[in-house]
Engineer: 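Provided herewith is a single structure, encoded as structure tokens, for subsequent inquiry.
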Amino acid sequence: MNITELARRLKVPTTELKEKLPELGFDIGMRAIKVPDRMAQEIIQKWTQEVKRQRLEDKVLADKEKTKAKEKALEEGVEVIMLPPSISVRDLADKFGMPVPGLMAELMKNGVMAAISDKVDYEIAAIVAEGIGKAVKQGEDISEEQKRAEELQEAILKSKASDNESDPSRAPVVVVMGHVDHGKTSLLDAIRETDVTKGESGGITQHIGAYQVEKNNRAITFIDTPGHEAFSHMRSRGAIVADVAILVVAADDGVQPQTIEAIKMIQDAHLPMIVAINKIDLPGAAPDVVKKGLSELNVIVEDWGGEIPVVEVSAKKRTNIEGILEMVLLLADVNKEKLRTRFDGNAQGVIIESHVDAGTGPVATVLIHAGTLHTGDSFQVGDVFGKIRAMKDYNGNLIKEAIPSTPVQIIGLNAVPIVGNMLESGVDLKKLRRTIGKVKKNKLSSSVMNSNNDQSSVDENHPSYNILLKADVAGTLEAIEHALADIETHEVKIGIISKGLGSITEVDIVRAAESNAVIYAFHADITTQARQLAQDKEVRIEKCNVIYDLIEKVKADVELLLKPEQIRHEKGKMSVIKLFGKREGGLVVGGEIIEGEVEDENKFIVYRNDKVMGQGGIVEIRIGPEKVRTVNKGDECGIKISGFSDIQENDILEFYSEEIKKRTLE
Ligand code: GDP
């Protein structure tokens with residue numbers, strides 16, 4: 001047969017075939033043109049075997065790498081990389097911390113040819129991640145979130161900055177950030193208590209997402225968003241609407257992960273920063289350790305020769321709270337130009353809180369940053385619009401107008417606006433009703449707002465966990481949805497097939513039964529008929545009153561859907577000395593354990609001259625005539641094996657055990 005014909009059949013270039021034939025024991029020389037037909041048949045057979053062997057070797061090596069990477073990740077605490085639904089090859093390489101050509105090669109291994117700017121779907125990225133031992137999770141596209149935040153910031157900056165030198169300055173807006181338990185809430189409470197005007201007005205403390213205090217006859221606005229995990233996305237928005245950030249660091253705990261996160265947010269938003277070293281009343285307080293920790297992050301405070309003001313406080317003992325306020329005013333003066341704002345004309349502001357009140361309906365807090373908002377004004381926030389029926393300040397007092405930097409609760413919305421969106425007053429309501437109103441009517445035909453759930457996307461490898469969600473207020477729905485998005489994995493999709501406000505009705509039960517969904521009732525009742533129908537249709541209903549409990553329940557269910565993890569543990573090695581041939585149930589090979597310990601349940605990989613030849617499992621181990629469970633280094637034994645029959649003397653069997661580990665979401 002012609003060598004070229006042979007090469008064609010083996011799907012390999014002729015020169016490569018000629019080069020590799022000696023390795024397989026056929027020395028035909030580089031100049032040969034033909035080989036005898038019988039030899040050609042032998043070459044085809046051996047070549048095919050070699051290709052199979054090579055594939056197995058690659059797989060074994062890849063499995064080993066994967067196991068190593070997994071073990072390493074487990075030891076180090078896995079760093080989960082968040083990925084958007086689709087991402088460009090360039091960005092993905094960046095996220096994986098690998099060169100673009102390396103990533104392209106990985107993609108190609110999985111049959112994907114992609115150029116640097118091509119986008120790949122999350123599913124593909126997840127397969128590649130698995131191959132290179134990285135943990136990924138589909139989540140909020142950070143860059144999208146950043147993009148939105150930047151757009152918002154741009155819009156806000158544009159509308160709040162004024163070129164007119166005769167315009168007055170508005171009060172500075174302050175956001176308090178820092179690690180959990182370092183005292184943000186305590187500090188906000190302590191600051192609020194310094195406000196004398198509150199005492200005078202009768203002081204009904206209202207949490208509307210922000211409040212104001214007076215210092216030296218000047219107002220300061222503090223954003224006071226809930227510290228719950230589910231609201232963390234709001235904190236980053238807080239940084240955008242603010243003018244000054246206070247970074248709280250506990251004197252006894254120093255710089256912690258969320259301190260670093262907060263610094264990043266503050267720097268991204270280009271906010272002037274004050275460091276408040278809190279809890280200085282504690283015996284373990286070490287402000288210098290905090291300052292040193294901050295300097296390592298390039299946040300160099302004033303008394304360390306830097307420019308960042310630092311105040312040592314105790315929120316608990318109310319020590320030096322006035323000092324913080326003075327520092328805020330000082331920073332406001334330094335940044336006076338940025339605070340100059342138009343007070344006249346239509347108002348613009350940002351929604352910092354929103355929910356449905358049982359009696360009043362949709363309620364939102366807006367922080368005005370330009371113009372003045374009056375009762376009776378028409379307004380629009382995204383798809384939501386209306387006329388201001390009433391406005392309340394942070395003390396619960398009804399007010400008629402709100403000037404820049406005032407947080408104000410508004411009533412008169414036709415739906416719940418999204419936190420972070422911008423409000424504009426003085427809009428043409430008639431026109432809005434015609435355009436937005438029509439679209440909304442179609443979308444919200446009942447109290448239940450349907451979200452898309454593509455049942456066809458459910459497959460065995462990516463099971464979906466379906467949820468029908470009912471809650472008492474819209475703000476909670478949003479918070480729950482955010483928390484659920486955080487626990488979604490690329491393996492198990494959490495599908496919210498329907499969400500809405502109010503009691504659980506028969507319609508919900510039917511819908512849940514159709515989609516095999518679990519109903520989560522958050523502070524929501526179940527009608528008697530619905531309860532009966534749920535029993536008939538075997539629909540599970542979980543009642544929860546705390547977001548944490550709801551999330552824990554979903555987590556437990558989702559964990560059951562995760563494929564268990566296989567972890568490979570290397571055991572011992574045996575050098576094959578003698579072959580005893582086939583017996584009932586397997587092939588018996590004799591040898592010496594040259595490394596580690598081997599158990600009779602282990603599996604093995606066969607190596608010949610460092611090449612992988614095959615794999616199999618142990619049926620039984622004997623030392624002499626006696627059956628044993630384990631053998632150790634130095635033992636000579638006979639092992640009955642299955643799954644591989646081409647064993648030769650001097651082969652090395654490398655044994656391993658496989659642990660099936662239930663996976664959790666942590
Ligand atoms: P946040 O999670 O950052 O909002 O922290 P909190 O304000 O809830 O405070 C966490 C814990 O630290 C609470 O038990 C507070 O009582 C305590 N704490 C806050 N400020 C101080 C302080 O200045 N001194 C002391 N000793 N404890 C404080």
Side-chain angles (χ1 to χ4, degrees), residues 173-195 198 205-213 220-239 241-242 244-266 269 271 273-291 293-294 297 299 301 308-328 352-353 365 394 407 419 475 479 482-483 486 546-548 551:
V173 177
V174 185
V175 64
V176 175
M177 299 173 116
H179 193 73
V180 64
D181 276 350
H182 278 197
K184 297 177 293 293
T185 314
S186 306
L187 188 64
L188 281 161
D189 287 347
I191 291 171
R192 196 177 168 127
E193 278 176 26
T194 61
D195 186 11
K198 190 188 81 184
T205 312
Q206 283 238 326
H207 279 273
I208 64 166
Y211 64 81
Q212 285 192 307
V213 291
I220 306 173
T221 304
F222 281 87
I223 295 176
D224 166 22
T225 49
H228 191 283
E229 178 197 3
F231 295 95
S232 60
H233 64 287
M234 286 189 200
R235 281 206 289 274
S236 57
R237 286 177 186 148
V241 291
V244 173
I246 296 179
L247 178 73
V248 179
V249 192
D252 64 332
D253 200 26
V255 170
Q256 294 298 330
Q258 285 161 24
T259 317
I260 300 171
E261 225 173 84
I263 292 173
K264 191 169 176 318
M265 273 187 213
I266 295 166
L271 289 185
M273 181 192 327
I274 297 169
V275 172
I277 300 182
N278 189 30
K279 307 197 188 183
I280 51 157
D281 57 293
L282 288 177
D288 269 335
V289 175
V290 175
K291 291 173 192 172
L294 289 171
L297 297 167
V299 175
V301 295
I308 305 206
V310 58
V311 190
E312 293 178 16
V313 300
S314 163
K316 194 173 176 181
K317 298 262 156 79
R318 310 289 189 251
T319 315
N320 210 9
I321 304 301
E322 297 288 339
I324 291 196
L325 300 181
E326 269 159 26
M327 199 52 86
V328 170
I352 56 171
E353 204 271 345
T365 300
Y394 60 96
V419 170
H482 261 92
D486 275 352
V546 181
I547 295 186
Y548 177 81
I551 298 303

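We're numbering straight along the sequence, starting at 1. Just so you know, ligand 1 is whichever comes first in the structure, and atom 1 is the first atom listed for that ligand. None of these values were measured; they are calculated from a predicted model.
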Engineer: Is there a donor-acceptor pair under 3.5 Å between the side chain of E353 and the backbone N or O of T365?
Structural biologist: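 Flag not set: sc E353 to bb T365 has no pair under 3.5 Å.
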
Engineer: Residues two or more places apart in sequence or in another chain: which of them pass salt bridge (Lys or Arg N to Asp or Glu O under 4.0 Å) with E261?
Structural biologist: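 Result, salt bridge (Lys or Arg N to Asp or Glu O under 4.0 Å) vs E261: none returned.
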
Engineer: Between ligand 1 and the protein, find all N/O pairs closer than 3.5 Å and give the distance for each.
Structural biologist:
residue  : atom   : partner : partner atom : Å
ligand 1 : 2 (O)  : D181    : N            : 2.7
ligand 1 : 3 (O)  : D181    : N            : 3.4
ligand 1 : 3 (O)  : H182    : N            : 3.4
ligand 1 : 3 (O)  : G183    : N            : 3.0
ligand 1 : 3 (O)  : K184    : N            : 2.8
ligand 1 : 3 (O)  : K184    : NZ           : 2.9
ligand 1 : 4 (O)  : K184    : N            : 3.4
ligand 1 : 4 (O)  : T185    : N            : 2.9
ligand 1 : 4 (O)  : T185    : OG1          : 2.5
ligand 1 : 5 (O)  : G183    : N            : 3.1
ligand 1 : 7 (O)  : T185    : N            : 3.4
ligand 1 : 7 (O)  : S186    : N            : 2.8
ligand 1 : 7 (O)  : S186    : OG           : 2.6
ligand 1 : 12 (O) : K279    : NZ           : 3.0
ligand 1 : 20 (N) : N278    : ND2          : 3.1
ligand 1 : 23 (O) : N278    : OD1          : 3.1
ligand 1 : 23 (O) : K279    : N            : 3.4
ligand 1 : 23 (O) : D281    : OD1          : 3.4
ligand 1 : 23 (O) : S314    : OG           : 3.2
ligand 1 : 23 (O) : A315    : N            : 2.9
ligand 1 : 23 (O) : K316    : N            : 3.2
ligand 1 : 24 (N) : D281    : OD1          : 2.7
ligand 1 : 24 (N) : D281    : OD2          : 3.4
ligand 1 : 26 (N) : D281    : OD2          : 2.9

Engineer: Mind checking side chain to side chain contact (heavy atoms under 4.5 Å, CB included) for S314 and listing every partner two or more places apart, or none if nothing turns up?
Structural biologist: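 S314 satisfies side chain to side chain contact (heavy atoms under 4.5 Å, CB included) with I280, D281, K316, K317, T319 only.
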
Engineer: Among I246, L271, L188, whose side-chain contact (heavy atoms from CB on, under 4.5 Å) with V174 holds?
Structural biologist: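 So, applying the side-chain contact (heavy atoms from CB on, under 4.5 Å) to V174 and each of I246, L271, L188, only I246 qualifies.
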
Engineer: What residues, two or more places apart in sequence or in another chain, satisfy side chain to side chain contact (heavy atoms under 4.5 Å, CB included) together with D288?
Structural biologist: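 With sequence neighbours excluded, D288 shows a side chain to side chain contact (heavy atoms under 4.5 Å, CB included) to K291, W304, given in chain and number order.
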
Engineer: Classify the angle between the aromatic ring planes of Y211 and Y394 as parallel (below 30°), tilted (30 to 60°) or perpendicular (above 60°).
Structural biologist: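 It falls in the tilted class, 30° to 60°.
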
